[in-house]
Amino acid sequence: MTRLLRAFTEHPESVGETYWQHMAMALSFAFPLALAAIASLIHSVFPFLCVKTASRRITQLHDRMVVNRQREASIDPNV
């Protein structure tokens with residue numbers, strides 16, 4: 001049982017989150033990514049629509065996930 005519990009908590013703890021916090025954060029990425037995927041599908045059929053929608057959203061999500069986390073880590077004296 002402990003091994004199973006660890007499977008659900010090890011990664012969230014490695015990024016400083018609880019299981020529930022990590023789930024909320026992952027979902028906050030999943031929905032915008034789904035919308036970006038839909039925009040990409042529209043763009044594939046109509047190349048004049050949604051020209052930068054998906055790439056712009058991915059850049060924004062990358063900044064939230066990677067750039068901001070690195071910035072917070074450099075500010076946090078406990079890291």
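For clarity, every value in this text was computed on a predicted model and none was experimentally measured.
- Side-chain heavy atoms closer than 4.5 Å link hydrophobic residues (I, L, V, M, F, W, Y) into clusters, and following such links, possibly through other members, connects Leu33 to Met65.
- For Ser40, the side chain to side chain donor-acceptor pair (under 3.5 Å) criterion is met by no residue, not counting sequence neighbours.
- Val51 pairs by the side chain to side chain contact (heavy atoms under 4.5 Å, CB included) definition with His43, not counting sequence neighbours.
- The two residues Tyr19 and Phe8 make their nearest non-hydrogen contact at CD1-O, 3.3 Å.
- Residues Met25 and Val15 do not share a hydrophobic cluster, clusters being chains of Ile/Leu/Val/Met/Phe/Trp/Tyr side chains in contact below 4.5 Å.
- Contacts classified as salt bridge (Lys or Arg N to Asp or Glu O under 4.0 Å) and involving residues 7-26 (residues at least two apart or in different chains) are given here: Arg6-Glu13.
- The heavy-atom pair separating Thr53 from Ala39 by the smallest distance is CG2-CB, 3.7 Å.
- The side chain to side chain contact (heavy atoms under 4.5 Å, CB included) check on Ile42 picks up Ile38, Phe46, Leu49, Cys50, with sequence neighbours excluded.
- Thr59 is linked by a side chain to side chain donor-acceptor pair (under 3.5 Å) to nothing, counting only residues two or more places apart in sequence or in another chain.
- Applying the salt bridge (Lys or Arg N to Asp or Glu O under 4.0 Å) test to every pair with at least one member in residues 36-58, sequence neighbours left out, gives no pairs at all.
- Sorted by first and then second residue, the pairs that involve residues 23-33 and meet side-chain hydrogen bond (donor to acceptor under 3.5 Å, both in side chains), not counting sequence neighbours, are Ser28-Arg64.
- The side chain to side chain contact (heavy atoms under 4.5 Å, CB included) test applied to Thr18 returns Trp20, Gln21, not counting sequence neighbours.
- Here salt bridge (Lys or Arg N to Asp or Glu O under 4.0 Å) pairs that include residues 30-44, with residues two or more places apart or in two chains, number zero.
- In this structure, the side chains of Phe31 and Leu27 come closer than 4.5 Å at one or more pairs of heavy atoms.
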